[in-house]
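Per chain, numbering begins at 1; letters A, B, ... match sequence-line order. Just so you know, these numbers come straight off a predicted model, no measurement behind them.
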2 protein chains.
Amino acid sequence: MSAPSTSPAVRVPFAELQALLQTILQRHGCSAAVAAVLAHNCASAQRDGAHSHGVFRIPGYVSTLVSGWVDGTALPQVTDVASGYVRVDAGGGFAQPALAAARALLVEKARSAGIAVLAIHNSHHFAALWPDVEPFADEGLVALSVVNSMTCVVPHGARKPLFGTNPIAFAAPCAGHDPIVFDMATSAMAHGDVQIAARAGQQLPEGMGVDASGQPTTDPKAILEGGALLPFGGHKGSALSMMVELLAAALTGGHFSWEFDWSGHPGAKTPWTGQLIIVIDPSKAEGERFAQRSRELVEQMQAVGLSRMPGERRYREREVAGREGVALTEQELAGLKELAG
Amino acid sequence: MSAPSTSPAVRVPFAELQALLQTILQRHGCSAAVAAVLAHNCASAQRDGAHSHGVFRIPGYVSTLVSGWVDGTALPQVTDVASGYVRVDAGGGFAQPALAAARALLVEKARSAGIAVLAIHNSHHFAALWPDVEPFADEGLVALSVVNSMTCVVPHGARKPLFGTNPIAFAAPCAGHDPIVFDMATSAMAHGDVQIAARAGQQLPEGMGVDASGQPTTDPKAILEGGALLPFGGHKGSALSMMVELLAAALTGGHFSWEFDWSGHPGAKTPWTGQLIIVIDPSKAEGERFAQRSRELVEQMQAVGLSRMPGERRYREREVAGREGVALTEQELAGLKELAG
């Protein structure tokens, strides 16, 4: 979903936007190291047109840091658990620096054992999930990640919300082609997209959520104010969301989406949960052939009429941004500059 | 979906049904070892009320074996690839004996490395997927499996079918409770359930599939005769189905769902593809705590009003069958006895 606005668009070089975001994050309580990781992540989402996780998120990062809910200076503690298992205690900080701290060890294990898992707990994830997995595909690896979030989804057949939007992201290399990457909320809609629709005064399609009384609604504000989202695809999406709670929280040692209490931290927006990342080295079974087979899949999908591969829109936006700079509105840019002080 | 029939139901002890199925499979070309694995699998599905993969499948097994399409005597070749990676060439036989041959090594690796993957290729999978994963949860492990099948699903946004029904199955232990297990086709409906509806002359709900001209239909026969299924949950289910092609076929070295040609084998029903199984040892991060956390999840799901957990109906049917025998119709039993000779 694009960020709807009547404010004119401007283009800013990626490095400039990243530096601006880094300044904002450091000014509000992040260490330089954490701010660098988050600024790159957020600027990348904006660059790729993933606006629900772009600069739209910066006020939420800031209010959360100011509230004391997240530790912007946390040092992740990496434990080498077994030949295919890495664990990180994110120390109440963000998940992305925890991944960055463990990443080299995770890749080394995946290449040696053929598969490896990274279990992050005590972590806050407030970003898109595809930036976590796409770089593995750039290195020829296959990656799958899940993260749970905060109670806002009614399990299929239940009466009240319990699960988070609990996204699943996947990345695989593809010969002579951008990696195949998807990142999907297991809710009918991503929370950020509901927020954007509410801000823009837009109605949602049917089947996305319920209001505070549990009745179906197309009003994004009714979903955000006491209502809840539904899982995508009925009982199947609901089962996948349940799986995400088990893998991202129970398995890692993180909180379930309903377990943390941020009521003492007004302004807190970041779910304090866990994240799991599984990385497979496809060369272990099929040598260099995997990326070629992946390419054959893409060609067949195109042959049956698919006009756009998952993730393709991001690559197109990225290419334009590489030439012309990252698009944001004048209003957004002015807001960022104000936050940077 | 239950097997609809006007024929009266009978109850047969599990061991008796299993022996009958084993006789049928051996009589039509399976080795004793392969027949034992398949008979147990199929009798288990019938026992648990999973009728689309119960004795309903036996005529398909028989016609496939008779056609020479599958090797019922194949000896799986297991390769110990790396500390977390096992590969099996099923030799053009069934996937279940390949899993059985590699299972001990896979579990040993998962317990040692924390995670391990089994990549099966050159295999036929004609059964439910939950029997492959549930036993891992019985041993305290978490398992995820995917298998691709045969072209019958139109990718979201495409015009023609390409993907198989491509199920995903997941199993996790749960303290003082049956394991949490789900097995979902990434198509809007499982192929076996469409066949059962066609046989019973029932119409399907809307959104399940299209006819030969690509138009939406609720007629199961129109889907089976030149039509196709749709993915569940629109573009998200479609992306998951694509992921299954990549993991079960490209990664393992198996065929994609559209790559095998069984036209020279009239009666052939079993997709000749691949299967991936990932097994994680949850004790590596959280000791014995995982199953307790899993139990907490179940209790919370019940607290928000969920009346039935995924897999729960199977456990109930299994319990009844344990006391009273496995239910099938007189007509089905007579058909099996005839096939047994």
Take A:L297 and B:W258, measure what side chain to side chain contact (heavy atoms under 4.5 Å, CB included) needs, and give me the verdict at the end. CA-CA 10 Å; A:L297 174 90; B:W258 56 91; 3.2 Å; yes
Anything in residues 143-151 of chain B with a heavy-atom distance to chain A below 4.5 Å? Please list those residues in order. B:L144
For chain A, the option from B:M309, B:R308, B:M243, B:K109 that forms the most heavy-atom pairs under 4.5 Å: B:M243
Check each atom of A:P310 against the heavy atoms of chain B and say whether the ones under 4.5 Å are side chain, backbone, both or neither. side chain
For chain A, find which of B:S112, B:P161, B:G234, B:A185 contributes the most heavy-atom pairs closer than 4.5 angstrom. B:A185
Is B:I180 close to A:L246 at the side-chain level, that is, under 4.5 Å between some pair of heavy atoms? yes
Do A:L162 and B:M301 have side chains that approach each other closer than 4.5 Å (heavy atoms only, starting at C-beta)? yes
Determine, stepwise, if the pair B:I280 / A:L251 fulfils side chain to side chain contact (heavy atoms under 4.5 Å, CB included). CA-CA 9 Å; B:I280 306 176; A:L251 194 74; 4.0 Å; yes
Test item: B:R87 side-chain N/O and A:A285 main-chain N/O as donor-acceptor pair under 3.5 Å: yes
With chain B as the partner, which of A:Q302, A:E259, A:H121 has the greatest number of non-hydrogen pairs under 4.5 Å? A:E259
Only pairs of heavy atoms separated by less than 4.5 Å count here; which of A:A158, A:A119, A:P282, A:G233 has the most with chain B? A:A158
Carboxylate-amine/guanidinium contact A:E245 B:R293, below 4.0 Å: no
Looking at CG of B:L276 and CD1 of A:I115, how far apart are the two atoms once the value is rounded to the nearest 0.5 Å? 7.0 Å
For the CD atom on B:E206, are there more than 12 heavy atoms of other groups (residues, nucleotides or ligands in this structure) within a distance under 6.0 Å? no
Output for pair (A:F256 CZ, B:E296 CD), nearest 0.5 Å, gives 6.5 Å
Are there more than 12 heavy atoms of other residues, nucleotides or ligands under 6.0 Å from atom CD of A:E288? no
Is any side-chain heavy atom of B:L240 closer than 4.5 Å to one of A:L240? yes
Residue from B:G253, B:S294, B:A291 scoring the most non-hydrogen pairs under 4.5 Å with chain A is B:G253
Interface moiety of A:V117 toward chain B, non-hydrogen atoms closer than 4.5 Å: both
Ranking B:R159, B:R289, B:Q292, B:M184 by heavy-atom pairs under 4.5 Å to chain A gives rank one to B:M184
Straight-line distance of B:D183 CG to A:K236 NZ, nearest 0.5 Å: 9.5 Å
With a 4.5 angstrom heavy-atom cut-off, could you sort out which part of A:A172 is near chain B: side chain, backbone, both or neither? side chain
Could you tell me whether A:K284 sits above the aromatic face of B:Y85, with NZ or CZ closer than 6.0 angstrom to the six-membered ring centre and within 45 degrees of the axis? no
Is any side-chain heavy atom of A:H235 closer than 4.5 Å to one of B:F182? no
To the nearest 0.5 Å, tell me how far B:F170 CZ sits from A:M242 CE. 6.5 Å
When heavy-atom pairs shorter than 4.5 Å are enumerated against chain A, which of B:S283, B:G237, B:P231, B:G114 gives the highest number? B:G114
Could you tell me which of B:G305, B:A113, B:G84 has the largest number of non-hydrogen atom pairs under 4.5 Å with chain A? B:A113
B:T252 portion near chain A, given a 4.5 angstrom heavy-atom threshold: backbone
Taken to the nearest 0.5 Å, the spacing of A:L306 CG from B:H156 NE2 works out to 9.0 Å
Just so I understand: if I count every heavy-atom pair under 4.5 Å between each of A:A303, A:A250, A:S238 and chain B, which residue has the most? A:A250
